[in-house]
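Just so you know, residue 1 is the first one in the sequence shown, and it goes up from there.
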Amino acid sequence: MSVSRLLLSFVVIALPFGMAPAVAQPADAPATSPKKPSKGEQQALKWFSMLDANQDGRISRDEAKVAFRLSPSLAEYFRNADLNGDGYLTQQEIRTVADRRRAERQERRKREALQKQQAQAAALGRDSATAAPDAQR
């Protein structure tokens, strides 16, 4: 397997896990976020550039076809990330999908933490209720 095939597989597979490349901004564009890209984002940007065979700033379906043959599920990831349906993945599309998935993950974790707290509170309430009759003896 060539390096570019492996890297394409990683970039597309990484989408569901929230790793996305930092969005390159034109020199005259104002910075929308002062935060520095994470190491994962920097690495993903590097891989994105390597996979972009013609260096047009996007990964085409043709550039990704080899990965689709290696893992058919990658075609679905590509399709989901291609937000405008033009057959190309841009850095912005990957960022948008990654941000959405990150927000969904954070929301799920909050719900799970709340459910855990509620379960613990309920268990404490049961323990208190069963301890009260014992204390009266």
When you check the gap from the basic side-chain N to the acidic O, do E76 and R79 get nearer than 4.0 Å?
yes
Only counting residues at least two apart or in another chain, list the ones meeting side-chain hydrogen bond (donor to acceptor under 3.5 Å, both in side chains) with T96.
Q92
Distance from R102 atom CZ to R95 atom CZ, nearest 0.5 Å?
6.5 Å
So which atom in N80 and which in V97 form the shortest heavy-atom distance, rounded to 0.1 Å?
O-CG2, 4.1 Å
Could you state the interatomic distance from CD (Q55) to OG (S49), rounded to the nearest 0.5 Å?
6.0 Å
Polar side-chain atom of D52 near backbone of G57 as donor-acceptor pair, under 3.5 Å
yes
Taking N54's backbone N and O only, do any of them form a donor-acceptor pair with E63's side chain (distance below 3.5 Å, no angle check)?
yes
To the nearest 0.5 Å, what is the distance between CD (E107) and CZ (R111)?
5.5 Å
Within-4.5 Å side-chain heavy-atom neighbours: F78 and R61:
yes
Is there a path of hydrophobic side-chain contacts, each under 4.5 Å between heavy atoms of I/L/V/M/F/W/Y residues, joining L89 to F68?
yes
Can any side-chain N or O of D82 pair as donor or acceptor with the backbone N or O of D86 at less than 3.5 Å?
yes
Quick check against the 3.5 Å criterion: does E93 have a side-chain atom that pairs as donor or acceptor with the backbone of N84?
yes
Only one of K110, K116, R108 passes salt bridge (Lys or Arg N to Asp or Glu O under 4.0 Å) with E112; say which it is.
R108
Between CD1 of I94 and CD1 of I59, what distance do you get to the nearest 0.5 Å?
5.0 Å
The reported gap from CG in L114 to CD in Q117 (rounded to nearest 0.5 angstrom) is 6.0 Å
